[in-house]
Q: 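Below you will find the structure I want to go over with you.
Note that the coordinates shown come from a computational prediction; the quantities given were computed from them, not determined experimentally.
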Amino acid sequence: MTKITLGKAINAGLRAAMEKDPKVVIMGEDIGKLGGVFRVTEGLQKDFGEDRVIDTPLAESGIIGTAVGLALRGYRPVCEIQFDGFVFPAYDQIINQVAKMHYRSEGRIKMPVVIRIPYGGGIGAVEHHSESPETLFAHVPGLKVVSCGDPVDAYWMIQQAISSDDPVVFFEPKRRYHEKAELDESVPPVQPLHQAKVVREGTDATLFCYGPMVKTCLQAAEAAVEDGRNLEVVDLRTIAPLDLATIFASVKKTRRALVVHEAPLSLGTGSEIAARVTEECFYHLEAPVLRVTGYDTPYPPSRMEDDYLPDLDRVLDGVDRVMGY
């Protein structure tokens, strides 16, 4: 049992996957000698060599295009996109090649590509460094989209993603890279990669969240105890496909739901959950499904991000509204 940060847990997970399978290769900008801008890949090139931990040019489309070729030849490439806002030059390759190759070959071609993307705000960064574009990928059939919320999940989920024959877009909450938790590498994960997790049991309402908002929602649930409210917190872990069975089971128990994410409100993950819950759990609901999210604007300058991002007060205000029906 060791106490480890989320960033170090991903590093350890990458190391474990590379030790297990020599076909796992890592590629990205400054990930080798530097160890990445967040030092998530620190030490891997030294231990596995430049043929398996590859410093690439500053060309995201080229990174993903090369990964497609490697996957076709039996490798399992793990691509790091340095920041969330830098992924868009590679969007063409991801949507038209990575997502569709397996389907259009009638299953004959596998595409075991993992695309790691540090995402979200809260670090005081400049433009293009604090995006939350997860639903742009979740909307595309053929892609799995996941986000870890704590170091233990980070360690196991990155290994599960690498071992998957499906392409996985792996969103890492960058402002949580330094959050710590106890990790026992000898204890296998309880949840499969695409299963949600109840991280706090409750009876009065459910907070659905993922990635950077898991900690925020847990803090809100603890604060709500002072008002006599017992909130359940569900870490979705996977945005595509959604674990609807866990979502529905929680809503049927608490009868109220609030979805929290950093991405903008319209057409976000919260919209899909609200629609699905309304379709399947209508007669169990005592209130409409509400959302606490970022706003429908471009991400603001860093000096304004505290007004943009959902925080404890905004989540608790959402709880007041959903309990008010």
Q: Who are the side-chain contact (heavy atoms from CB on, under 4.5 Å) partners of Ala71, not counting sequence neighbours?
A: Pro77, Met111, Pro112, Val113
Q: Just wondering, do Leu258 and Arg291 contact through their side chains at under 4.5 Å, heavy atoms?
A: no
Q: Let me check something: do Ile4 and Ile158 share a hydrophobic cluster, defined by ILVMFWY side-chain heavy atoms less than 4.5 Å apart, either directly or through other members?
A: no
Q: How close do Pro57 and Ile63 get, heavy atom to heavy atom, and via which atoms?
A: O-CD1, 4.2 Å
Q: Would you say that His139 contacts Thr135 through its side chain, given a criterion of any heavy-atom pair below 4.5 Å between the two side chains?
A: no
Q: For the atom pair OH (Tyr308) and OH (Tyr295), what is the distance rounded to the nearest 0.5 Å?
A: 9.5 Å
Q: Report the distance from atom CG of Asp311 to atom CG of Leu316, rounding to the nearest 0.5 Å.
A: 9.0 Å
Q: For the residue pair Arg321 and Leu290, establish whether any side-chain heavy-atom pair is separated by less than 4.5 Å.
A: yes
Q: What pair of heavy atoms forms the shortest contact from Ile239 to Ala138, and how long is it?
A: CG2-CB, 4.0 Å
Q: Who pairs with Arg237 by salt bridge (Lys or Arg N to Asp or Glu O under 4.0 Å), at least two apart in sequence or on another chain?
A: Asp153
Q: If you count the non-hydrogen atoms of other residues, nucleotides and ligands that lie under 6.0 Å from CG in Asp296, is the total more than 12?
A: yes
Q: Taking atom CD of Glu60 and atom CD of Glu80, what is their separation to the nearest 0.5 Å?
A: 10.5 Å
Q: Is Leu267 atom CG crowded by more than 12 heavy atoms from other residues, nucleotides or ligands, each under 6.0 Å away?
A: no
Q: Give me each pair satisfying side chain to side chain donor-acceptor pair (under 3.5 Å) with a member in residues 241-258, each pair once, sequence neighbours excluded.
A: Glu201-Lys253, Thr206-Ser250, Thr206-Thr254, Glu232-Ser250, Glu232-Lys253, Asp243-Thr246, Arg255-Glu286, Arg256-Glu286
Q: State yes or no: do Ile115 and Tyr177 share one hydrophobic cluster built from I, L, V, M, F, W and Y residues joined by side-chain heavy-atom distances below 4.5 Å, directly or via other members?
A: yes
Q: Could you list the donor-acceptor pairs under 3.5 angstrom formed by side chains in residues 209-228, with sequence neighbours left out?
A:
residue : atom : partner : partner atom : Å
Tyr210  : OH   : Glu134  : OE2          : 2.6
Tyr210  : OH   : Thr269  : OG1          : 3.4
Lys215  : NZ   : Glu179  : OE1          : 3.0
Lys215  : NZ   : Glu179  : OE2          : 2.9
Thr216  : OG1  : Arg176  : NH2          : 3.2
Glu222  : OE2  : Arg200  : NE           : 3.2

Q: Does any pair with a residue in residues 237-284 pass ring pair (Phe, Tyr, Trp, His ring centres under 6.0 Å), and if so which ones, sequence neighbours excluded?
A: none
Q: When you look at CD of Glu106, are more than 12 heavy atoms from neighbouring residues, nucleotides or ligands closer to it than 6.0 Å?
A: no
Q: Consider only side-chain heavy atoms of I, L, V, M, F, W and Y, link residues closer than 4.5 Å, and tell whether Phe48 and Ile162 are in one cluster.
A: yes
Q: Does the side-chain contact (heavy atoms from CB on, under 4.5 Å) test come out yes or no for Thr2 and Glu182, once each step is laid out?
A: CA-CA 5 Å; Thr2 57; Glu182 297 285 348; 5.6 Å; no
Q: What residues form a salt bridge (Lys or Arg N to Asp or Glu O under 4.0 Å) with Asp166, not counting sequence neighbours?
A: none
Q: Pair Leu207, Val315 - check side-chain contact (heavy atoms from CB on, under 4.5 Å), show working.
A: CA-CA 9 Å; Leu207 306 181; Val315 174; 4.1 Å; yes
Q: Could you give the side-chain donor-acceptor pairs of residues 32-41 under 3.5 Å, partners two or more places apart or in another chain?
A:
residue : atom : partner : partner atom : Å
Arg39   : NH1  : Gly36   : O            : 2.8
Thr41   : OG1  : Ile31   : O            : 2.7
Thr41   : OG1  : Gly35   : O            : 3.1

Q: Do His178 and Leu6 pass the side-chain contact (heavy atoms from CB on, under 4.5 Å) test, and can you show the C-alpha distance, the side-chain angles, and the key distance before you say yes or no?
A: CA-CA 6 Å; His178 298 292; Leu6 190 147; over 6 Å; no
Q: If you draw a 6.0 Å radius around CD in Gln195, do more than 12 non-hydrogen atoms from other residues or ligands fall strictly inside?
A: yes
Q: Please check if atom CZ in Arg276 has more than 12 non-hydrogen atoms from other residues, nucleotides or ligands closer than 6.0 Å.
A: no
Q: Going by the rule salt bridge (Lys or Arg N to Asp or Glu O under 4.0 Å), which residues pair with Arg15 if we only count those two or more places apart in sequence or in a different chain?
A: Asp47
Q: Using the rule that Ile, Leu, Val, Met, Phe, Trp and Tyr join whenever any side-chain heavy atoms are under 4.5 Å apart, tell me whether Leu242 and Val168 fall into a single cluster.
A: yes
Q: If the condition is side-chain contact (heavy atoms from CB on, under 4.5 Å), which residues does Ser186 pass it with, not counting sequence neighbours?
A: Asp184
Q: Assess the residue pair Asp165 and Arg76 against the criterion (salt bridge (charged side-chain N to carboxylate O under 4.0 Å, His left out)); give the C-alpha distance rounded to whole Å, side-chain angles, the decisive distance to 0.1 Å, and a yes or no.
A: CA-CA 9 Å; Asp165 285 335; Arg76 292 184 175 272; 2.7 Å; yes
Q: Less than 4.5 Å apart, side chain to side chain, heavy atoms only: is that true for Met27 and Ile64?
A: no
Q: If you look only at distance, which donor and acceptor atoms sit under 3.5 Å apart when one is on a side chain in residues 85-98 and the other is two or more places apart or in another chain?
A:
residue : atom : partner : partner atom : Å
Tyr91   : OH   : Leu136  : O            : 2.9
Asp92   : OD1  : Asn96   : ND2          : 2.5
Gln97   : OE1  : Arg104  : NH2          : 3.1

Q: Do Val292 and Val319 have side chains that approach each other closer than 4.5 Å (heavy atoms only, starting at C-beta)?
A: no
Q: Please check if the side chain of Gln159 supplies one atom and the backbone of Tyr155 the other of a donor-acceptor pair under 3.5 Å.
A: yes
Q: Using modelled atom types and a 3.5 Å cut-off, is there a donor and acceptor pairing between side-chain atoms of Gln45 and backbone atoms of Val53?
A: yes
Q: Flag the pair Val233 / Val198 as yes when at least one side-chain heavy-atom distance between them is below 4.5 Å, and no otherwise.
A: no
Q: Is it possible for you to say whether Ile117 and Val145 belong to one hydrophobic cluster, with membership spreading through side-chain heavy-atom contacts below 4.5 Å?
A: yes
Q: The test is side-chain contact (heavy atoms from CB on, under 4.5 Å); show your working for Glu262 and Thr293 and say whether it passes.
A: CA-CA 5 Å; Glu262 288 190 13; Thr293 71; over 6 Å; no
Q: Whether the side chain of Lys174 engages the backbone of His129 through a donor-acceptor N/O pair (distance < 3.5 Å, no angle test) should be reported.
A: yes
Q: Using a strict 4.0 Å threshold on nitrogen-to-oxygen distance, state whether Arg314 and Asp307 make a salt bridge.
A: no
Q: Within a strict 4.5 Å, meaning less than it, do heavy atoms of the Ile247 and Ile273 side chains meet?
A: yes
Q: To the closest 0.5 Å, what do you measure between OG (Ser132) and CG (Leu309)?
A: 8.0 Å
Q: Taking distance alone, no hydrogens or angles, what donor-acceptor pairs closer than 3.5 Å link side-chain atoms of residues 118-125 to residues at least two apart or in another chain?
A:
residue : atom : partner : partner atom : Å
Tyr119  : OH   : Ser147  : OG           : 2.8

Q: Is the shortest side-chain heavy-atom distance between Arg52 and Val24 below 4.5 Å?
A: yes
Q: Please round to the nearest 0.5 Å and tell me the distance separating atom CZ of Phe208 and atom CG of Leu236.
A: 7.0 Å
Q: Among all residues two or more places apart in sequence or in another chain, which pass the side-chain contact (heavy atoms from CB on, under 4.5 Å) test with Pro241?
A: Lys144, His194, Thr238
Q: Could you walk me through whether Tyr299 and Glu131 pass the side chain to side chain donor-acceptor pair (under 3.5 Å) test, one step at a time?
A: CA-CA 7 Å; Tyr299 197 86; Glu131 310 293 324; over 6 Å; no
Q: To the nearest 0.5 Å, tell me how far Ile81 CD1 sits from Phe170 CZ.
A: 14.5 Å
